[in-house]
Amino acid sequence: MTATAEGKTGTPLHRALKGERPTTAADHSRELATVLLAWYAENRRKLPWREHPTPYWVFVSEMMLQQTRVDTVIPYFLRFVSRFSTPADLASAPEEEVLKAWEGLGYYRRAKNLKRAMEQVEQRHNGEIPTSYEALIALPGVGPYMAGAILSIAFNLRYPAIDGNVQRVFARLFALPQPSGSPALQKSVHQLVEAVLPSKAPGAFNQALMDLGATLCLPRDPVCSVCPLRETCAAFQEGQPTAYPTTTPRPHLPEVPRIALLLRCAGEIAVEQRPTAGLLGGLWQLPSRDLQPSQPPDKAVAAWLLENEIASPKPPRYLGRIRHTFTHLRWVMEVFEVCPTSFVQGQGLHWVSPDELRQLTLPKAYHKALALAGLKL
DNA sequence: GAAACGTGGCC
DNA sequence: TGGCCAAGTTT
């Protein structure tokens, strides 16, 4: 074991946890927990799901919070648990309604998994969120983080809940060299958290680490001056807290050229449903298609109209360009308006009124596209 | 291990 | 603007 592989050894806590002073490791762990829990008692964020941390509320909030900021989640959470108050409510709700409640939050598979998970809770667990790691992680959409968060927060059981905040806090505390987000960092942090996690208040401890990461140990500008762990933080002692966790630059996003058609006929609008799997699976959109980089958008529109046997007295009107960036690609979508002479059926096209359109779940990119034509949902 | 999977805020 | 990042999971 080299210092490089294990991180640098600047603090008593670190030396103790590495086993150099085994008789004091437990003492240092207790001290860390004590300091952290005292800080948390004074500085914990007031969040809706913390008011009544029922297993269901914790479950819903954790699913929404995956890769999503607290401020973004709060209004969605309040609406969601108001509309779907219990696991039974959610299990029996139509999926379209659940997706609509999720609209704008992103990662829509979470919404489907959440509903499926509650169906399984109803069918296999007597309507109660299970209290074992094995049963939880078997539910769709529940991984190691969520299982640990539910067990520790809702049931006060001693399980780690290691999210991005905790990884960053520990990468700095112990000057861990593994790259951000890597399985290697995940493993190192898990071992360290396991060594430090108290059995007394594991839920508070896990949330304290997350709150510390979200309010003080920030990615860009950490507020070390008021951090309760400053003295035992290896990155702070090195003078370079933001050097951890180490990062690797991301490759340039591929750009996907694309057309979208606003077909309007007698006050109705044509929409189509995306395939169930993959990007924005099962959501609705204006009729669209990806283009080859060399393909002129206006020619692609003409070809699309021809293929679908759509006659239009006036030529398509160009409405504008929508650029929409996802995690792994970027759409550059040219939007055209067409007024066909009649409703065209088949080809997966559905004609809906504006009121009906409002019931469907549309990705953000299409809200932008509709706004080009002055249509707001 | 790597890639897919949404969106909004920040600089 | 463009890149980074956020209470991760799945394939």
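Chain identifiers are assigned alphabetically (A, B, ...) following the order of the sequence lines, protein sequences preceding nucleic acid strands; residue numbering begins at 1 within each chain. Keep in mind the model is a prediction, meaning the values are calculated, not measured.
At least one side-chain nitrogen or oxygen of His328(A) sits closer than 4.0 Å to the OP1 or OP2 atom of dC5(B).
Comparing the P positions of dG6(B) and dT1(C) gives an interatomic distance of 23 Å, to the nearest angstrom.
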query = Which letters describe nucleotides 6-11 of chain B, given B = protein heavy atom under 4.0 Å from base, S = only from sugar-phosphate, - = neither?
reply = BBBBB-

List, one per line, each side-chain donor-acceptor pair under 3.5 Å for residues 154-172 of chain A, sequence neighbours excluded.
from: Arg158(A); atom 1: NE; to: Leu197(A); atom 2: O; distance (Å): 2.9
from: Arg158(A); atom 1: NH1; to: Glu194(A); atom 2: OE2; distance (Å): 2.7
from: Arg158(A); atom 1: NH2; to: Glu194(A); atom 2: O; distance (Å): 2.7
from: Arg158(A); atom 1: NH2; to: Glu194(A); atom 2: OE2; distance (Å): 3.3
from: Arg158(A); atom 1: NH2; to: Leu197(A); atom 2: O; distance (Å): 3.0
from: Asp163(A); atom 1: OD1; to: Asn165(A); atom 2: N; distance (Å): 3.2
from: Asp163(A); atom 1: OD1; to: Val166(A); atom 2: N; distance (Å): 2.9
from: Asp163(A); atom 1: OD2; to: Asn165(A); atom 2: ND2; distance (Å): 3.1
from: Asn165(A); atom 1: OD1; to: Arg168(A); atom 2: NH2; distance (Å): 2.8
from: Arg168(A); atom 1: NE; to: Cys217(A); atom 2: O; distance (Å): 2.7
from: Arg168(A); atom 1: NH2; to: Gly213(A); atom 2: O; distance (Å): 2.8
from: Arg168(A); atom 1: NH2; to: Cys217(A); atom 2: O; distance (Å): 3.3
from: Arg172(A); atom 1: NE; to: Pro241(A); atom 2: O; distance (Å): 2.9
from: Arg172(A); atom 1: NE; to: Tyr244(A); atom 2: O; distance (Å): 2.9
from: Arg172(A); atom 1: NH1; to: Cys217(A); atom 2: O; distance (Å): 3.4
from: Arg172(A); atom 1: NH1; to: Leu218(A); atom 2: O; distance (Å): 2.8
from: Arg172(A); atom 1: NH2; to: Leu218(A); atom 2: O; distance (Å): 3.1
from: Arg172(A); atom 1: NH2; to: Pro219(A); atom 2: O; distance (Å): 3.0

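Identified under the salt bridge (Lys or Arg N to Asp or Glu O under 4.0 Å) test for residues 305-324 of chain A, with sequence neighbours left out: Glu255(A)-Arg323(A), Arg289(A)-Glu307(A), Arg317(A)-Glu337(A), Arg321(A)-Glu334(A). Every pair passing salt bridge (Lys or Arg N to Asp or Glu O under 4.0 Å) that includes a residue from residues 49-62 of chain A is listed here, sequence neighbours excluded: Arg50(A)-Asp211(A).
The residue His367(A) sits apart from the nucleic acid: no heavy atom pair falls under 4.0 Å. Nucleic acid contact for Arg323(A): sugar-phosphate only, since backbone atoms but no base atoms lie under 4.0 Å from a heavy atom of the residue. In this structure, Leu209(A) reaches neither bases nor backbone, as no heavy-atom distance under 4.0 Å exists between it and the strands shown.
Rounded to whole Å, atom C1' of dT9(C) lies 10 Å from atom CD1 of Ile137(A). For the pair Met146(A) CE and dA7(C) C1', the computed distance is 10 Å after rounding to whole Å.
In the set dA7(C), dG1(B), dA6(C), the nucleotide with an atom closest to the side chain of Pro219(A) is dA6(C).
Looking at which nucleotide of DNA chain C each of Arg330(A) and Ile162(A) is closest to, the 5′-most match is held by Arg330(A). With the nearest nucleotide of DNA chain C identified for both Pro140(A) and Arg168(A), Arg168(A) has the one nearer the 5' end.
Residues satisfying the salt bridge (charged side-chain N to carboxylate O under 4.0 Å, His left out) criterion with Arg69(A), sequence neighbours excluded, are absent altogether. With sequence neighbours excluded, the residues that form a salt bridge (charged side-chain N to carboxylate O under 4.0 Å, His left out) with Arg83(A) are Glu97(A).
Ring pair Phe77(A)/Trp57(A): centre-to-centre distance below 6.0 Å.
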